[in-house]
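Below is one structure, written out as structure tokens; the observations come after it.
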Amino acid sequence: MTKIKVLFIQERKIKKGAITISDLIENEVPDTYEFEHVSAKGDIMGKVAGFHPQIVFISNSKAYDIFDLVQKIKELDSEIVIMAMVFTNFGSEREMMDKLTGMGVYKCYTSQLSVDSLIHDMFVSLNME
């Protein structure tokens, strides 16, 4: 079976030995996904173009403009499913979520994200459940 490619975009590089959300997902559904991570200091669009993910998960950050990033990803490949983590310290959570979904983001999450919900949403977003 071909693995589903998921790219995580976050503010900082992952510290060596840190447990990531991809580790938690892999524990729940082993051998289902292929994960890549890119930080704000990396070549985000180069990683998107080179990895060809089916799903991109973006954590909003002051290090990049999430709206600009969503637009560029959709321009590169409109079929990529985008999911976003929205933090309240960036303004109105509802306004951000509404704007992002209006731009084609499949689902927005808050700090209450559960791994089970994310796994389910990833399957549903690709019409696999």
Side-chain angles (χ1 to χ4, degrees):
M1 181 172 122
T2 304
K3 291 185 178 186
I4 299 164
K5 291 183 173 186
V6 180
L7 177 64
F8 286 94
I9 301 171
Q10 65 262 342
E11 185 172 355
R12 295 182 192 102
K13 279 183 144 181
I14 297 170
K15 293 180 180 179
K16 196 170 190 164
I19 295 174
T20 65
I21 194 160
S22 55
D23 295 329
L24 299 174
I25 293 168
E26 185 65 24
N27 282 340
E28 294 295 318
V29 283
D31 301 320
T32 303
Y33 299 97
E34 178 181 345
F35 300 104
E36 288 284 334
H37 297 262
V38 63
S39 71
K41 291 184 180 180
D43 179 8
I44 295 173
M45 291 310 297
K47 182 64 95 169
V48 174
F51 182 56
H52 304 288
Q54 292 160 274
I55 299 172
V56 172
F57 189 90
I58 306 171
S59 292
N60 70 321
S61 165
K62 291 181 180 179
Y64 46 78
D65 180 332
I66 192 169
F67 303 109
D68 183 53
L69 197 51
V70 167
Q71 181 178 345
K72 286 178 179 176
I73 292 169
K74 284 297 189 180
E75 286 172 0
L76 181 67
D77 183 348
S78 62
E79 297 298 311
I80 292 175
V81 174
I82 301 175
M83 299 179 173
M85 175 63 79
V86 176
F87 300 104
T88 56
N89 59 337
F90 287 91
S92 168
E93 193 173 277
R94 175 58 32 210
E95 286 176 18
M96 282 192 75
M97 293 169 86
D98 289 346
K99 184 173 180 180
L100 288 167
T101 54
M103 295 176 71
V105 170
Y106 178 78
K107 187 106 180 207
C108 294
Y109 301 92
T110 62
S111 58
Q112 314 307 322
L113 173 66
S114 81
V115 173
D116 289 338
S117 293
L118 180 58
I119 291 168
H120 175 263
D121 292 343
M122 289 193 302
F123 276 114
V124 171
S125 74
L126 297 174
N127 296 316
M128 297 177 70
E129 189 173 272

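The analysis underlying the following values was restricted to heavy atoms, covering all of them including side chains, and did not include hydrogens, waters or symmetry mates. Numbers here are sequence positions counted from 1. Predicted model, so just to flag it, every value in this text is computed and none were measured.
- Looking at K47 and D43, no side-chain N of the basic residue comes within less than 4.0 Å of a carboxylate O on the acidic one, giving no salt bridge.
- Looking at heavy atoms from C-beta onward, H37 lies in side-chain contact with S22 at the 4.5 angstrom threshold.
- Looking at heavy atoms from C-beta onward, Q10 lies out of side-chain contact with F57 at the 4.5 angstrom threshold.
- The NZ atom of K3 lies 5.0 Å from the CG atom of D31; values are rounded to the nearest 0.5 Å.
- Summarising the geometry, atom CG belonging to N60 is positioned 8.0 Å from atom CZ belonging to F67; distances are rounded to the nearest 0.5 Å.
- Counting all heavy atoms, side chain and backbone alike, A18 lies closest to D23 at O-OD2, 3.6 Å.
- Rounded to the nearest 0.5 Å, atoms NE2 (H52) and CG (D77) are 9.0 Å apart.
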Open item on the list: Applying side chain to side chain contact (heavy atoms under 4.5 Å, CB included) to V48 and I80, what does each step give before you reach the verdict?
Closed with: CA-CA 10 Å; V48 174; I80 292 175; 3.9 Å; yes
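- Side-chain contact check for M45 versus I73: some heavy-atom pair is nearer than 4.5 Å.
- The shortest distance between side-chain heavy atoms of T32 and I119 does not fall below 4.5 Å.
- Residues E11 and A63 come closest through the heavy atom pair CG-CB, 4.0 Å.
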- [ ] Show your reasoning for whether side chain to side chain contact (heavy atoms under 4.5 Å, CB included) applies to M122 and V6.
- [x] CA-CA 9 Å; M122 289 193 302; V6 180; 4.2 Å; yes
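- Across every non-hydrogen atom of V115 and E28, the tightest pair is CG1-CG, 4.2 Å.
- Note: R12 CZ to K41 NZ = 9.0 Å, rounded to the nearest 0.5 Å.
- A distance of 8.0 Å separates SG of C108 from CZ of R94, quoted to the nearest 0.5 Å.
- Inter-residue side-chain proximity for Q71 and M103 is flagged as met; some heavy-atom pair is nearer than 4.5 Å.
- Surrounding CD of E26 are more than 12 heavy atoms belonging to other residues, nucleotides or ligands, all under 6.0 Å away.
- We find the CD-CD distance between E34 and Q54 to be 9.5 Å, quoted to the nearest 0.5 Å.
- Side-chain contact between Y109 and D121: present, with at least one pair of heavy atoms (C-beta onward) separated by less than 4.5 Å.
- Smallest separation of non-hydrogen atoms from I9 and Y64: O-OH, 3.5 Å.
- Within the 4.5 Å cutoff, no side-chain heavy atoms of K72 are placed close to those of I44.
- Screening I58, I66, L7, L100 for a side-chain contact (heavy atoms from CB on, under 4.5 Å) with I82, the sole residue that qualifies is I58.
- Side-chain contact between I21 and F8: present, with at least one pair of heavy atoms (C-beta onward) separated by less than 4.5 Å.
- More than 12 heavy atoms of other shown residues, nucleotides or ligands fall within 6.0 angstrom of atom NZ in K74.
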